Amino acid sequence: PYCRRVLEQPAAMCESCKGQMKICRFPVFIGEELLCFSPLLYEGLAKKAVLRFKFKNHRELSGAFGDVMAEVIAANQAMLDCVTCVPLSKGRYRERGYNQSELLARGVGQKLGIPYWELMEKWKETPAQHTLGRDMREQNVVGAYRLWRERENQIKAKNILLCDDIITTGATPRECS
């Protein structure tokens, strides 16, 4: 799926792609409480595939990315109660037609046997993070997301997997948490 070769049997990626991509198998902390799994380094073939997935309507790549994400999370024996995604604003959703992070979250949840819960909304339109410098990204997302009130009691003392497509500074997952 990454290199656009047709595979004879279902697989996240062909052997050629596996050899070209750097898979990160261990999580890192963002601050003191957020554990981050970022299975693929955002470079080369992985970067090209992410950009096709995110901006060129190649939704079919969600399965391949979801497979890699689920594999890394399962290997780390993460104890999770549910999976959710970073929501898009209504305007960005209308523009793109889908939320790539939601596709990832639903796929990962299905592969790991974890329920997908829609927990929050992005109620504030903001410039796209990738258009900003590192120093502006934190400010850009402050107050942009809010939890659905009816979910507040449901998530108390839960371990939640938050899926997003790309992580750079960690500003978005910090704000969502």
Side-chain angles (χ1 to χ4, degrees), residues 1-5 7 10-14 17 20-24 27 30 34-74 78 80 82-112 114-132 134 137 140-141 144-148 151 160-177:
Y2 298 98
C3 61
R4 300 182 182 179
R5 284 189 186 100
L7 302 176
M13 64 180 96
C14 70
C17 290
Q20 293 181 52
M21 292 196 196
K22 293 180 183 165
I23 297 179
C24 308
I30 300 174
L34 293 178
L35 192 59
C36 176
F37 295 94
S38 183
L40 296 172
L41 288 182
Y42 188 62
E43 63 183 28
L45 192 56
K47 181 176 181 176
K48 288 177 187 173
V50 167
L51 294 174
R52 285 196 332 260
F53 172 52
K54 186 170 183 168
F55 298 115
K56 302 289 185 190
N57 200 25
H58 282 272
R59 300 177 202 197
E60 73 280 0
L61 289 171
S62 68
F65 285 124
D67 286 351
V68 175
M69 291 171 79
E71 179 185 316
V72 169
I73 292 164
L80 300 165
C82 72
V83 61
T84 194
C85 70
V86 172
L88 287 180
S89 65
K90 289 177 183 173
R92 187 89 18 90
Y93 188 89
R94 272 193 304 275
E95 181 182 296
R96 190 171 295 152
Y98 63 102
N99 180 348
Q100 71 283 355
S101 297
E102 180 181 352
L103 295 177
L104 292 172
R106 288 184 183 276
V108 169
Q110 184 177 12
K111 285 173 183 32
L112 296 176
I114 303 167
Y116 172 81
W117 293 349
E118 192 168 315
L119 298 177
M120 63 187 115
E121 68 175 327
K122 184 172 184 187
W123 70 278
K124 184 175 150 188
E125 291 285 343
T126 60
Q129 289 286 81
H130 72 270
T131 65
L132 303 173
R134 292 182 81 80
R137 291 178 185 207
N140 187 49
V141 293
Y145 303 95
R146 63 182 168 201
L147 180 68
W148 294 110
R151 296 290 195 172
I160 300 167
L161 175 63
L162 174 69
C163 285
D164 202 1
D165 53 358
I166 301 169
I167 186 162
T168 50
T169 64
T172 300
R174 270 195 301 276
E175 184 62 24
C176 287
S177 69

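It should be emphasised that the depicted structure is a prediction, and the values quoted were computed from it without experimental measurement.
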request  = Apply side-chain contact (heavy atoms from CB on, under 4.5 Å) to Ile73 and Leu80, showing your working.
outcome  = CA-CA 10 Å; Ile73 292 164; Leu80 300 165; 3.9 Å; yes
inquiry  = Nearest 0.5 angstrom please: Arg92 CZ to Lys122 NZ, how far?
reply    = 5.5 Å
key: Nearest-0.5 Å distance, SG of residue Cys163 to CZ of residue Phe65   = 13.0 Å
remark   = Residues Arg151 and Glu118: closest non-hydrogen pair is NE-O, 3.1 Å
ask   = What is the distance from atom CZ of Arg146 to atom CG of Leu119, rounded to the nearest 0.5 Å?
value = 15.0 Å
query = Do Phe55 and His130 make the cut of ring centroids closer than 6.0 angstrom?
reply = yes
For residues 166-173, please give each side-chain donor-acceptor pair under 3.5 Å, one per line with the distance, not counting sequence neighbours.
unit_1	atom_1	unit_2	atom_2	d
Thr168	OG1	Arg137	NH1	2.6
Thr169	OG1	Ala171	N	3.3

query = Between Trp123 and Tyr145, does a side-chain contact (heavy atoms from CB on, under 4.5 Å) hold up when you go through it step by step?
reply = CA-CA 6 Å; Trp123 70 278; Tyr145 303 95; 5.9 Å; no
key: Heavy atoms of other groups near Gln110 CD, more than 12 under 6.0 Å   = no
inquiry  = Looking at Lys48, I want to see if its NZ is surrounded by more than 12 non-hydrogen atoms of other residues, nucleotides or ligands under 6.0 Å.
reply    = no
query = Do Thr84 side-chain atoms and Trp117 backbone N/O form a donor-acceptor pair below 3.5 Å?
reply = yes
task = State whether the side chain of Trp148 and the backbone N or O of Met120 hold a donor-acceptor pair below 3.5 Å, judged by distance alone.
result = yes
message = Exactly one of Lys54, Glu60, Lys56 should register a side-chain hydrogen bond (donor to acceptor under 3.5 Å, both in side chains) with His58. Which one does?
response = Glu60
ask   = Atom CG in Leu132, atom OG1 in Thr126: separation rounded to 0.5 Å?
value = 8.0 Å
query = Which heavy atom in Val83 sits nearest to a heavy atom in Ala105, and how many Å separate them?
reply = CG1-O, 3.5 Å
request  = Would you mind reporting whether Cys85 and Asn99 have side-chain heavy atoms less than 4.5 Å apart?
outcome  = yes
key: side chain to side chain contact (heavy atoms under 4.5 Å, CB included) involving Tyr98 - partner list, sequence neighbours excluded   = Asn57, Arg59, Arg96, Gln100, Leu103
Cys82 SG to Leu112 CG distance, which is reported to the nearest 0.5 Å = 12.5 Å
query = With a 4.5 Å heavy-atom cut-off, do Leu51 and Tyr42 have their side chains touching?
reply = yes
key: Intermediate values then yes/no, side-chain contact (heavy atoms from CB on, under 4.5 Å), Leu40 and Cys24   = CA-CA 6 Å; Leu40 296 172; Cys24 308; over 6 Å; no
request  = Carefully, step by step, assess Leu104 and Met69 under the rule side-chain contact (heavy atoms from CB on, under 4.5 Å).
outcome  = CA-CA 8 Å; Leu104 292 172; Met69 291 171 79; 4.0 Å; yes
note = Rounded to the nearest 0.5 angstrom, the OG-CZ distance for Ser62 and Arg106 is 11.5 Å
query = Got a sec, which residues hit salt bridge (charged side-chain N to carboxylate O under 4.0 Å, His left out) with Asp164, two or more places apart in sequence or on another chain?
reply = none
